[in-house]
Protein chains: 2
Amino acid sequence: MDKLDALSSFAALAQETRLDVLKLLIKAGEQGMSAGEIGEQLGIKQNTMSANLNNLARTNLVTNKREGRSIRYYANFSGIRELIGFLMEDCCGGNPEICSPLLEQLKCP
Amino acid sequence: MDKLDALSSFAALAQETRLDVLKLLIKAGEQGMSAGEIGEQLGIKQNTMSANLNNLARTNLVTNKREGRSIRYYANFSGIRELIGFLMEDCCGGNPEICSPLLEQLKCP
DNA sequence: TCCATATATCATGAATTATTGATATATTGG
DNA sequence: CCAATATATCAATAATTCATGATATATGGA
């Protein structure tokens, strides 16, 4: 995770369809979703969805895997963690008394 | 933190100077940095820096406060937490067994 | 009030990104 | 091999974003 990776990841998330996709995939969890399912659920044209999925897949935020005629997409939770870690790393290094409670509050209820 | 806020925040972070600025402010912690200090440290022209700081300040990721002739900028840790929370909320709701360890690993060492 | 310092705004051109229709490629079943 | 399904690529246009020179505004001190 270098700065360019982080910039690409944030750019991927700075677009409504792709943000929707990642949230869908996070919700879907380890079973993932096929490109077609995602496009249908969000009501996005096929080629637009394809371009956006490729954009996401070029980041470390999602992975994919061909399954027969479909391609299945998955949220990459460790990639998401790395991105957040990249943003916060200097806080953790220099000011753990600020950073720790911040991340503490992110824990699931 | 609605979807539009999240999109603006991610867009702010999808640009090198602004990402650099936020990381600087995270490192600076509660003492913050003036606009001039930030621009000087990053070697960015004054008006370019001003535009980028305004972009960041329109999100919830940073705050600012005029101090005499300068304007001081601060990372807004609760805003950062809200952004991460927005991204992960469906995970926490549906799959805490995936989400919890992810956030656990983000804690400061 | 006048000057110096700190930041913001404006206008412009360059670059990037998004969407879409049309079409191509890949996979599977018959 | 052929047809059907699933996804990708291409080309073009529209829209957005970026950085910058020039200039304006705001604050504090003499």
Side-chain angles (χ1 to χ4, degrees), chain A residues 3-25 28 31-76 83, chain B residues 3-25 28 31-59 61-76:
Chain A
K3 200 200 289 185
L4 286 184
D5 293 330
L7 287 169
S8 303
S9 295
F10 285 128
L13 297 179
Q15 199 268 355
E16 182 170 15
T17 298
R18 292 191 299 260
L19 180 56
D20 288 341
V21 169
L22 183 59
K23 293 197 72 173
L24 264 186
L25 292 177
Q31 78 181 41
M33 290 175 75
S34 73
E37 286 170 346
I38 298 169
E40 190 180 5
Q41 183 141 350
L42 296 179
I44 301 291
K45 286 193 195 295
Q46 184 270 321
N47 57 353
T48 300
M49 191 76 263
S50 173
N52 281 317
L53 286 174
N54 267 287
N55 181 314
L56 268 173
R58 268 179 255 120
T59 72
N60 231 349
L61 300 173
V62 310
T63 60
N64 61 20
K65 181 182 165 195
R66 179 172 279 275
E67 275 197 359
R69 282 183 273 216
S70 299
I71 297 183
R72 211 151 184 88
Y73 285 82
Y74 307 87
N76 180 18
L83 179 61
Chain B
K3 200 199 288 186
L4 285 184
D5 293 330
L7 287 169
S8 303
S9 295
F10 284 128
L13 297 179
Q15 200 267 354
E16 183 170 15
T17 298
R18 292 190 300 258
L19 180 57
D20 288 340
V21 169
L22 184 58
K23 293 196 72 174
L24 265 186
L25 293 177
Q31 78 179 43
M33 293 176 73
S34 73
E37 287 170 344
I38 298 170
E40 189 179 4
Q41 182 140 350
L42 296 179
I44 302 291
K45 286 191 195 298
Q46 185 269 321
N47 57 353
T48 299
M49 190 77 262
S50 173
N52 281 317
L53 287 174
N54 267 286
N55 182 314
L56 268 172
R58 269 179 255 121
T59 71
L61 299 172
V62 310
T63 59
N64 60 20
K65 181 183 166 195
R66 179 173 281 275
E67 274 197 0
R69 284 184 273 216
S70 299
I71 297 182
R72 211 153 184 86
Y73 284 81
Y74 306 87
N76 180 17

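Below, chains carry the letters A, B, ... as their sequence lines are ordered, and counting in each starts from 1. If you're wondering where the values come from, they're calculated on a predicted model, not measured in any experiment.
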Please report, to 0.1 Å, the donor-acceptor pairs under 3.5 Å made by any side chain of residues 3-14 of chain A, with sequence neighbours excluded.
residue: A:Lys3; atom: NZ; partner: B:Glu16; partner atom: OE2; Å: 2.9
residue: A:Lys3; atom: NZ; partner: B:Asp20; partner atom: OD1; Å: 2.8
residue: A:Lys3; atom: NZ; partner: B:Asp20; partner atom: OD2; Å: 3.2
residue: A:Asp5; atom: OD2; partner: A:Asp2; partner atom: N; Å: 3.2
residue: A:Ser8; atom: OG; partner: A:Leu4; partner atom: O; Å: 3.0
residue: A:Ser9; atom: OG; partner: A:Asp5; partner atom: O; Å: 3.0

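- What separates NZ of A:Lys65 from P of D:dT7 is a distance of 15 Å, to the nearest Å.
- Under the side chain to side chain contact (heavy atoms under 4.5 Å, CB included) test applied with A:Asn76, the options A:Val62, A:Leu22, A:Asn60 reduce to a single match, A:Asn60.
- The distance from atom CG of A:Leu42 to atom P of C:dT19 is 12 Å, rounded to the nearest whole Å.
- As rounded to whole Å, 15 Å separates atom P of D:dT7 from atom CG of A:Leu56.
- For B:Asn54 and D:dT17, the CG to P distance is 15 Å, given to the nearest whole Å.
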Counting only pairs under 3.5 Å, give me each side-chain donor-acceptor contact of residues 37-52 of chain B, with atom names and distances, residues two or more places apart or in other chains.
residue: B:Glu37; atom: OE1; partner: B:Ser34; partner atom: N; Å: 2.9
residue: B:Asn52; atom: OD1; partner: B:Arg18; partner atom: NH1; Å: 3.0
residue: B:Asn52; atom: ND2; partner: B:Thr48; partner atom: O; Å: 3.3

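- Distance, A:Leu53 CG to D:dT9 P: 12 Å, rounded to whole Å.
- Atoms CG (B:Asn55) and C1' (D:dT16) sit 12 Å apart, rounded to a whole Å.
- Across B:Thr59 and B:Leu61, no two heavy atoms sit closer than the pair OG1-N, 3.1 Å.
- Once rounded to the nearest 0.5 Å, the distance linking CD of B:Glu67 with CZ of B:Arg69 reads 13.5 Å.
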(message) I need a per-nucleotide contact map over nucleotides 19-30 of chain D, read 5' to 3'. Cutoff is protein heavy atoms under 4.0 Å; write B for the base, S for backbone only, - otherwise.
(response) SBBB----BB--

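- One atom, CD of B:Glu16, and another, C1' of C:dT16, lie 16 Å apart when rounded to the nearest Å.
- Within 4.0 Å (heavy atoms only), A:Ser50 reaches at least one base atom of the nucleic acid.
- Distance check, rounded to the nearest 0.5 Å: OG1 of A:Thr17 to CG of A:Leu56 gives 10.0 Å.
- Rounded to a whole Å, the CD1 atom of B:Ile38 is 10 Å from the P atom of C:dA8.
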